[in-house]
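Just below is one structure, and these are the notes that go with it.
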Amino acid sequence: LNPAFACLTMPLLPPGGAMCNLLDVLEPWLPELRGLMRDARGRGTICDGTRVHLGPASPGQDPGVLSLTVVRMDAQRHMAVLSDVTRQVAHERRLQESEAWFAAVVQGADDYAVLSLDAKGLVSGWNVSGERMFGHAAEAVIGRHAGALAGSLAGSGGRAGDAAADAAAFDERLREAGRDGWHLDEGWRTRADGSRFWGTCMVSPVEIDPGAPGAPSHFLMVVRDVTERRHSARELRRALSADHLTGVLNRRAFLERAERKVSRRPEQEPSCCMAMVDVDHFKAVNDSLCLLYTSGRCRRRH
């Protein structure tokens with residue numbers, strides 16, 4: 001019994017107890033060990049890396065877990081190796097939770113599509129969200145170059161362009177992602193049925209090829225549908241900068257543009273002119289527009 005084994009088994013002993021029999025000590029946590037040793041014949045491994053869960057731990061701490069390996073040397077001799085794997089088990093559990101959470105996100109989110117690419121930009125993984133977002137079946141996408149999807153992923157303005165040009169443009173994005181750690185762009189994407197949506201596309205390397213130091217061997221591409229967000233942002237900008245009745249710039253937007261115009265250097269803007277227009281009887285014009293605006297809203301409501 002070496003000191004490390006004694007330290008691991010000491011908390012398992014009753015108060016004032018001594019390590020006389022390993023089977024008795026582990027009985028509450030590993031009762032099947034006695035049967036395994038009784039049934040073993042000849043030489044060889046009786047158990048290998050069997051985990052001994054020690055039950056609940058103190059608040060804020062991970063439950064203790066030991067790993068036990070027992071080898072039969074001969075009929076009268078056995079060798080037991082015990083190690084503390086508490087941190088390893090906790091890390092595995094958190095990793096499984098993260099994988100389950102990530103799988104739930106990429107499979108259940110309608111506005112995200114997650115694709116895996118090889119080093120050449122060929123699609124090697126296509127999730128359910130990608131099928132819902134783009135309308136392409138997996139067999140129509142797997143193995144194709146991401147830039148060859150005619151604007152849906154290559155970002156060619158949502159138009160079907162030259163396949164070679166799309167592939168070359170996307171290869172440049174892969175090189176930038178490999179150099180900088182990620183690449184992000186935003187633009188129109190095209191679905192299989194020809195409809196478009198405004199989406200962001202982020203590409204990042206996820207694995208490094210040991211045979212080619214510094215060269216990414218795989219990429220992760222995440223596409224998000226942000227059409228509603230873009231529409232909302234555009235409407236918000238319009239509401240903040242324009243008069244709701246006439247559609248012309250309001251005082252705040254006018255002053256901001258005027259300040260930018262005046263603050264430019266003479267060599268950038270050699271001449272600048274401001275004209276002020278006075279409209280006679282503007283109240284009559286305003287009242288007539290207001291009446292049309294109000295009646296139009298009433299008709300739409302009915």
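Since we're looking at a predicted model, the values are computed, not measured.
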Side chain to side chain donor-acceptor pair (under 3.5 Å) filter on Thr86, not counting sequence neighbours, yields Asp84
Would you indicate whether the side-chain heavy atoms of Cys201 and Val203 approach each other to under 4.5 Å? yes
Quick one: side chain to side chain contact (heavy atoms under 4.5 Å, CB included) partners of [X], sequence neighbours excluded?
X: Ser83; result: Ser67, Val85
X: Asp74; result: Gln76, Arg77
X: Arg34; result: Leu23, Asp24, Glu27, Arg38
X: Ala80; result: Phe5, Leu22, Leu68, Val70

Under 3.5 Å, which donor-acceptor pairs do the side chains of residues 176-183 form with other protein atoms, sequence neighbours left out?
unit_1	atom_1	unit_2	atom_2	d
Glu176	OE1	His183	NE2	3.1

Any side-chain to backbone donor/acceptor pair from [X] onto [Y]? Under 3.5 Å, distance only.
X: Trp126; Y: His136; value: yes
X: Arg189; Y: Phe134; value: no
X: Arg224; Y: Gly199; value: no
X: Ser124; Y: Ser116; value: yes
X: Thr190; Y: Arg196; value: no

Audit row: Val223, Thr200, side chain to side chain contact (heavy atoms under 4.5 Å, CB included) steps and yes/no: CA-CA 6 Å; Val223 182; Thr200 60; over 6 Å; no
Trp188 and Trp198 aromatic ring geometry - parallel, tilted or perpendicular at 30°/60° bounds: perpendicular
